Amino acid sequence: MFSFLGRRVNFEMNLCCFQRNFSAALPSLVPVSLPSKKETHLWYVLPDEVNSETLLNQYLEILSPYEKESIYRKHGHQLKKSALLARALVRATIARYQTNCQINPRSLKFRKNIYGKPEVDWQNDDDWCPPPLHFNISHTSSLVACGVTVDVPIGIDVEEKQRRIKNNILAFAKRYFSHEELQLLASIADPEIQHQEFIKLWTLKVGQEAYVKALGRGFSAAPFKTFTIWTRVETTVNFQHFEALDSEASEIVVESSDDPENLTNNWKFALLDLAGSHYAAICVEKDNSIGGETNAPMSLAVWKTIPFVEDERVSGTGAVVAISGSVKQF
Amino acid sequence: MASVAGTTSLCMTSMSCSLKHTQGRISSVNSVSLPINGKSFPSLRSRSAPRFRVSCVAKPETVKKVCDIVKKQLALPEDSTVTGESKFAALGADSLDTVEIVMGLEEEFGISVEEESAQSILTVQDAAELIEKLMEKNA
């Protein structure tokens with residue numbers, strides 16, 4: 001498997017101004033610096049590592065009544081747990097970013113934008129300016145992830161590498177993928193590899209989600225058959241023959257058959273192999289106000305975490321392997 | 001023993017899946033609240049149309065078939081409670097599951113579901129109604 005080579009930091013409970021706002025047993029959150037405009041932060045939790053009922057109950061305490069309700073409605077312990085961790089992760093993570101004001105994760109409010117994408121509903125307090133934080137969460141029953149950026153929208157999607165597809169992959173692709181993508185999948189002889197490529201493509205594209213979530217639009221707003229996600233090898237773009245999603249150095253582009261101008265250049269995509277078990281797609285809007293930004297790689301920092309308990313920076317380790325898209329881990 | 005006048009009583013008796021194991025509480029002659037799985041639905045007023053989606057449209061057999069396909073796709077245990085009111089999201093269906101479920105339903109019922117319609121399916125009941133609507137079109 002892989003080994004975590006990053007630093008493991010354990011936090012002790014310590015008294016500070018946070019303490020009085022929290023339920024007594026939860027340790028205070030250790031602050032983290034905001035990502036710079038060019039950076040993307042990714043935090044993830046492995047539900048299998050969080051088994052303390054006490055801790056899970058403490059997480060429940062920082063959620064809103066609406067969130068709790070939503071969790072109770074899920075069927076089964078596994079689903080409840082990953083849903084709980086998703087909310088706890090997003091609240092704890094946002095609250096940690098250093099801003100002028102200490103934020104109590106429990107007091108965070110969320111709302112949805114007009115397309116249904118969740119965002120923080122900052123409660124304005126006098127002259128306080130809310131941080132221009134953007135976030136997005138995605139989870140499976142075995143991994144919960146939260147991506148964070150500053151100033152630019154972000155969308156992420158995670159999928160289990162081994163998830164089984166009940167239907168025939170090509171029937172699926174014929175229906176939901178573009179013609180080029182179908183051709184790519186059809187050309188793969190080995191069923192295991194075909195399965196892998198399918199999941200990668202799905203994660204980036206239809207579960208994509210990473211793409212439309214970054215746009216802040218819902219699933220229905222981007223008909224998936226009309227755009228192709230593929231890697232553009234740096235030299236030439238050859239429409240007859242293109243690479244599977246395995247080319248680390250190449251850029252992932254989205255080309256719309258409806259409107260070729262519209263989608264392609266504003267976004268950076270990355271596809272990662274995360275924690276050995278998942279594919280993670282990240283999509284971030286390019287910030288064209290920064291010079292030289294257009295073709296710069298996605299600068300990514302990744303932490304494996306247990307909210308309020310410990311963090312481990314895992315960027316650059318075996319836990320995070322860039323599969324496609326131009327990614328620079330730090 | 002809810003005494004509710006008008007067409008609403010018909011609907012109540014024909015709803016098999018959803019109203020099993022529920023108890024009716026009558027708070028007044030004109031309204032009934034029915035706790036289902038611990039949740040209270042808004043009251044039924046005898047004069048106006050029911051405010052919650054008590055749908056008489058989908059046949060119980062259709063709903064049952066959808067429940068079975070959903071259970072299979074999500075690998076839920078046989079005895080798990082999946083009813084017409086069950087929301088796909090609450091059952092743990094993500095976007096890929098939903099698409100697979102829709103494809104399974106298409107195969108089972110010989111229909112073709114448009115992308116836009118698929119997006120509006122939130123519960124098992126929604127799926128069953130859509131299926132019957134499409135089957136009717138085919139007929």
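Every chain is numbered from 1 and lettered A, B, ... according to where its sequence line falls, protein lines coming before strand lines. Only a predicted model underlies this, so the values are computations on that prediction, with no experimental measurement involved. Note: hydrogens, waters and symmetry copies are ignored here, and every other heavy atom, side chains too, is used.
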Contacting moiety of A:Arg163, where chain B heavy atoms sit under 4.5 Å: side chain
Under 4.5 Å from a heavy atom of chain B, the part of A:Ile71 involved: neither
Test item: side-chain donor near acceptor, A:Lys81 and A:Asn51, under 3.5 Å: yes
N-O pairing of A:Lys200 and A:Glu159 below 4.0 Å: no
Residue part contacting chain B, namely of A:Ala171, when any heavy atom lies under 4.5 Å: both
SB check B:Glu100 A:Lys166 (cutoff 4.0 Å): no
Residue pair B:Glu132 / B:Thr62, side-chain donor-acceptor N/O under 3.5 Å: yes
Side chain / backbone / both / neither for A:Phe172 at chain B, heavy atoms under 4.5 Å: both
